[in-house]
Amino acid sequence: MNQKRPGFGTRIGFELAAAGSAVGLGNLWGFPYKTSANGGAAYLFVYLACILLVGAVAMLAEFTLGRRSRANAVSAYKAVSPNLGWLGLLVVVIPALIMCYYLVLGGYTVKYALGSFVGNAGKYEAFAGNVGDVILHTAVFALPAALIVIAGVRNGIEKAAKLLLPTMLLILIVISCVSLLLGEGVQEGLAFYLKPDFSKLTGSGILSAMGQAFFSLSLGCGAMIAYGSYSGQTVDLARSTVVVCLLDGLLTFLSGLAIFPALFHYAAISGASLSSLGMGGAGLMFITLPMVFEGLGLAGQIIGLLFFTMTAIAALTSIISILEVVTQFIIQRHKVARTRAVGVVALVCLALSVPVGISLGMDVNGSKVFCLFGRNLLELLDGVTNTLLMPLGALGACLAVGWRLPKAERFSGFVGAMVRIVTPVLIVLILVFGAVDMAFPATAAGRAFSADGFGMLMTAAGVAALTAIAYFLWLKNRDTGSNQDEEAANLKREEAFRAGLQRGWQRPE
Ligand code: PFF
């Protein structure tokens, strides 16, 4: 097999890398707090249904787009129709936006893993407010991701996934077992997580579960197009889709199993009320869990170390895929070497993550510098990408594959109907309700217009519009490259290197 060809060497490598992209902070941080905010088990069921019905179909569509073109997302959409290429550019811009805040959160996980024995409890505000510390940890998190992507798809991403995903799964199983054996409170925690009470699930809860499923499966942001483009020609994409979705669903399920019994146990032994533990808030991971771990003594500290190490690994395998989407496009469009492309993308996104880190700290201190539309930059970017742009990207993939591929290549039967009609309709619902929820959020007195929410909506529309303009002005009629270009450049570089060596050998004569 040609070692220089950018692509996964094995099917299992491809599936583990895609699962590594999917499993991340969305599963370990987002899912538990959203589940606790939306009534527990009912949310879990809707979420798993979304993964299997809507998510799997969109993933298959993205894999298909990538593999048939063997190219970056822009070229992949252009290969369907030159007028659709702007969707490709959109799904390259979205991960760049996600990277700016995901890097900061990754930095937090590194800080918490390193601080497990020093004590993390009660330190959130001090850490978040210390800009230098946040930037340092963000950079520490970004470095291995950059090195892995520089090493290439087969030697970097695939090898890392083969090592890290099983490690993550193992740690999560160990933590779940320990959590289930804690005793007092565990039953209540399990009941909360596993006994559905659908009366507690609101429309916003269902929407949140759908959005969460998209984010968790890395859909609508080019990752699965990029990885699909590197998959072997003989890989059964439908099968791989099922494997990736099952792995993602399993790890999500386990993360709840690890967290809820421990949380309820801590509440039972400490007498703290669940609401005081911040169950339904984003602080669950960085504020509440360290308290829970440390409340359990030395064993808890060890569990804390394992938990945050696993979370950092999960975030790493996800950020790798985010970085690869943008890198692949830069390499192929600008015909530059991988190292240079990664260097530029990582440095720019690292620089952009600085204001995000500052804004989180400012939020903690009550100052609103670097806040926009009443939100810190993380909430802003997360809302714009997660609620609006990612569903848009996934919708584009389903419609392109369902309706615009040559007839012979289209899916037929059940999958065909899902790709063409059912999933797009569901995604449109997610989009419409998400937009309404943003501009007219629910308040105690009913829904009311929010200028801030509307501002976010306009930001998302602005990003999509600017991307489309940029595409039609600069990319539509230009070569945007393919995986073959990277292969050709690699071969050329190798030949030049060999020729250089030969000249070197000849010189002494
Ligand atoms: N799926 C990742 C998570 O659940 O944390 C997040 C993510 C990865 C989003 C890759 C987008 C992406 F391209």
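Just so you know, ligand 1 is whichever comes first in the structure, and atom 1 is the first atom listed for that ligand.
Residues satisfying the side chain to side chain contact (heavy atoms under 4.5 Å, CB included) criterion with Ser359, sequence neighbours excluded, are Phe370, Asn376, Leu377. A search for salt bridge (Lys or Arg N to Asp or Glu O under 4.0 Å) contacts involving Asp133 returns Lys111, not counting sequence neighbours. Annotation: side chain to side chain donor-acceptor pair (under 3.5 Å) contacts of Thr64 (sequence neighbours excluded): none.
No donor-acceptor distance shorter than 3.5 angstrom exists from the side chain of Ser81 to the backbone of Tyr77, with no hydrogens or angles considered.
The residues lining ligand 1, counting any heavy atom closer than 4.0 Å, are Ser21, Ala22, Gly24, Leu25, Gly26, Asn27, Ile98, Tyr102, Phe215, Ser216, Ser218, Cys221, Ala223, Ser318, Ser321, Ile322.
A salt bridge does not link Glu62 to Arg67: none of the charged nitrogens lies less than 4.0 Å from a carboxylate oxygen. Note on Arg375 versus Asp452: no salt bridge recorded, every NZ/NE/NH1/NH2 to OD/OE distance being 4.0 Å or above.
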